[in-house]
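Numbering of ligands and ligand atoms starts at 1, following listing order.
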Amino acid sequence: MSANCIFCKIVAGEIPATKVYEDADVLAFMDIGPVIKGHTLVIPKQHFDPLTATPEPVLAQLMAVVKKIAAAQLHGLRADGVNVMQANGAAAGQVVPHLHFHVIPRFAADGHRWNWAAKKYDDPAELQQLAAAIKAAVT
Ligand code: AMP
Ligand code: ZN
């Protein structure tokens, strides 16, 4: 448990949450500020953060539960689609520094639009330079 971590406190039962799934290692509970009603968070019970510092077996367990929750939103809420999102760092919009996946049910008429503004590279060389930098850093 990490001191002053709100999600660790939820795992410990020190603050309330509305749980929808729990096993030995993973917890899923309702987000109190839903982007779309039914918005659910999936977290490891052990404190990990960010994604890049989390062991692969933990990520595999989390993704299996993300799949379960997405399926439950499709079938149980009759959602038309699901967004899965995850933020790392304040620059990426992360507020709670305990790894979590947002599983957000989507409905054809929910009216929500992500601010997804596709941009352009200055030229093809810029795209290639950035690709080369990522490729060289893959471990
Ligand atoms: P992020 O910006 O990715 O760090 O998302 C943090 C999410 O945690 C937000 O969607 C909040 O609404 C949600 N949240 C914060 N505190 C609680 C809480 N006590 N119970 C449930 N969800 C919470
Ligand atoms: Zn924590």
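Checked against the Zn ion (ligand 2), the N, O or S atom of His98 at the shortest distance is ND1. Within His47, the N/O/S atom positioned nearest the Zn ion (ligand 2) carries the name ND1.
For ligand 1, the protein residues within 4.0 angstrom (heavy atoms only) are Ile6, Phe7, Ile10, Phe29, Met30, Asp31, Ile32, Gly33, Leu41, Ala87, Gly93, Gln94, Val95, Val96, His100, His102.
Residues forming a side-chain contact (heavy atoms from CB on, under 4.5 Å) with Ala125 (at least two apart in sequence, or on another chain): Asp123, Gln129.
Looking at Val20, Leu41, Val11 one by one, the single match for side-chain contact (heavy atoms from CB on, under 4.5 Å) with Leu27 turns out to be Val11.
Residues Lys45 and Asp23 form no side-chain contact, since every pair of their non-hydrogen atoms from C-beta on lies 4.5 Å or further apart. Between His100 and Asp49 the shortest side-chain heavy-atom distance does not fall below 4.5 Å. Looking at Cys8 and His98, their side chains come closer than 4.5 Å, going by heavy atoms from C-beta outward.
There is no path of hydrophobic side-chain contacts, each under 4.5 Å, that joins Ile69 to Ile43. In the hydrophobic clustering of this structure, Val65 groups with Val58; members are Ile, Leu, Val, Met, Phe, Trp, Tyr whose side-chain heavy atoms approach within less than 4.5 Å, directly or through other members.
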